[in-house]
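In what follows, a structure is listed as structure tokens, so that the remarks can point back to it.
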Amino acid sequence: MPRFGLGTQVQSMEGANQRQELNETVRGMVISALQSGYRHLDDAMFYYNERGVGWGIRESGVPREEIWLTSKISGDLADAQNAFEGMLQRLQVDYIDLVYIHHPAGTLEDILACWRVMENEYKAGRIRALGISNFDNRMEAFNYIMENAEIKPQMAQIECHPLAQRREARQLYADNYDIQVECWYPLNHNRGDVDNATLRQIAAAHGKSVYQIILRWHMQEGLCPVPGSTNPDHILENISIFDFELSDKEMAAIRAIDLGDAGRSFNISYGDWNFGNFQDYTYDHTYTPAASNESN
């Protein structure tokens with residue numbers, strides 16, 4: 001899996017009356033990212049943009065086999081098989097590289113039932129890797145999966161950035177269970193990382209933006225960041241972090257600004273309730289692939 005990816009959620013456009021604009025926007029994001037060198041796309045059924053992601057992949061000119069495509073199941077986990085079939089259809093693909101349970105919400109039995117569907121699809125080759133997202137916020141669900149899963153989680157996704165470095169969760173997943181940690185919301189726009197004096201000082205020393213310093217920190221910590229942006233210039237800026245390296249002293253300085261849980265922007269308590277009720281949507285994309293493309 002390419003460790004650096006594009007987060008495709010555009011939360012401000014997820015309303016039912018904006019799905020057309022949302023999917024067109026995300027289609028453009030995906031094309032820009034893939035043409036800028038990204039090979040990892042992070043999506044979810046509850047982002048309501050899988051159709052736009054699928055079209056972006058098709059129009060990018062990048063072969064499907066070069067792209068690591070992720071999506072996430074949530075909502076009624078007891079209906080996970082139908083949810084997965086819908087994901088394939090909306091993304092216009094015949095396999096997904098990584099599928100997460102998006103939220104540990106619902107009964108433990110339903111969570112495990114969803115995992116069984118994912119395990120079966122893993123064995124069938126329609127899923128390449130299995131993951132859990134936000135399970136550190138409901139340890140009974142994490143423990144239930146670890147005790148009962150035939151195929152253990154290979155990936156765990158958490159909120160993680162310099163102000164909330166999530167050391168306990170990272171130790172749980174990476175050190176205790178050898179699960180790779182992926183970070184959603186790595187730039188923490190809600191909490192103003194860009195105003196942090198330590199990050200500004202390090203950015204100035206390297207001639208880079210604060211965002212690039214944050215993402216470089218993720219990479220040197222062994223994490224997998226998936227920053228999102230709708231701006232092609234920012235998409236390119238975010239991935240332009242492989243021509244410099246942070247020193248041990250700079251890494252230590254960034255580790256010192258951790259606020260623990262106080263630095264988190266999202267901290268949800270989960271229980272035996274479904275996380276939302278997914279409603280399928282339409283997207284009237286007018287692009288028609290050339291005959292030569294359809295045969296590839």
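Since the model is a prediction, treat every value here as computed from it, not as a measurement.
The 12-atom threshold is not exceeded at CD of Gln201, counting heavy atoms of other residues, nucleotides or ligands nearer than 6.0 Å. More than 12 heavy atoms of other residues, nucleotides or ligands lie within 6.0 Å of CD in Gln18, so this atom counts as buried by the packing criterion. Atom CG of Asp178 sits in a sparse spot, with 12 or fewer heavy atoms from other residues, nucleotides or ligands closer than 6.0 Å. Counting non-hydrogen atoms of other residues, nucleotides and ligands closer than 6.0 Å to CG of Asp175 gives a total above 12.
To the nearest 0.5 Å, atom CD of residue Glu250 and atom CZ of residue Arg216 are 11.0 Å apart. Residue Ser32 holds its OG atom at 9.5 Å from CG of Leu236, rounded to the nearest 0.5 Å.
No side-chain donor-acceptor contact under 3.5 Å links Arg39 to the backbone of Met1. A donor-acceptor pair under 3.5 Å is absent between the side-chain atoms of Asp76 and the main chain of Gly106, judged by distance alone.
Cation-pi geometry between Arg138 and Tyr144 is not satisfied (NZ or CZ under 6.0 Å from the ring centre, within 45° of the ring normal).
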Inset, instruction - Assess whether side chain to side chain contact (heavy atoms under 4.5 Å, CB included) is satisfied between Asp42 and Trp184, documenting all intermediate values. - result: CA-CA 9 Å; Asp42 180 75; Trp184 57 261; 5.7 Å; no
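Ring orientation note: the planes of Phe46 and Phe278 are tilted relative to one another, at an angle of 30° to 60°. Taking the six-membered ring for Trp and thresholds of 30 and 60 degrees, His206 and Phe244 have ring planes inclined between 30 and 60 degrees apart. Using cut-offs of 30° and 60° on the angle between ring planes, the pair His103 and Phe275 is parallel. Taking the six-membered ring where tryptophan is involved, the planes of His40 and Trp68 are perpendicular, since the angle between them exceeds 60° and thus also 30°. Ring geometry, Phe142 versus Tyr177: the interplanar angle exceeds 60°, so the pair is classed perpendicular (tilted spans 30 to 60°).
The aromatic ring centres of His102 and Phe135 sit 6.0 Å or more apart.
Counting heavy atoms from C-beta on, the side chains of Glu24 and Arg27 come closer than 4.5 Å.
Between Gln165 and Ile254, the closest heavy-atom pair is NE2-O, 2.9 Å. Taking all atoms of both residues into account, the shortest heavy-atom contact from Asp110 to Leu77 is O-CB, 3.6 Å. Scanning both residues, Lys152 and Trp115, for their nearest heavy atoms gives C-CZ2, 4.0 Å. Taking every heavy atom of both residues into account, Asn238 and Pro227 meet most closely at ND2-CB, 4.0 Å.
Paired with Leu88 under the rule side chain to side chain contact (heavy atoms under 4.5 Å, CB included), one option of Arg90, Gln92, Glu85 passes, and it is Glu85.
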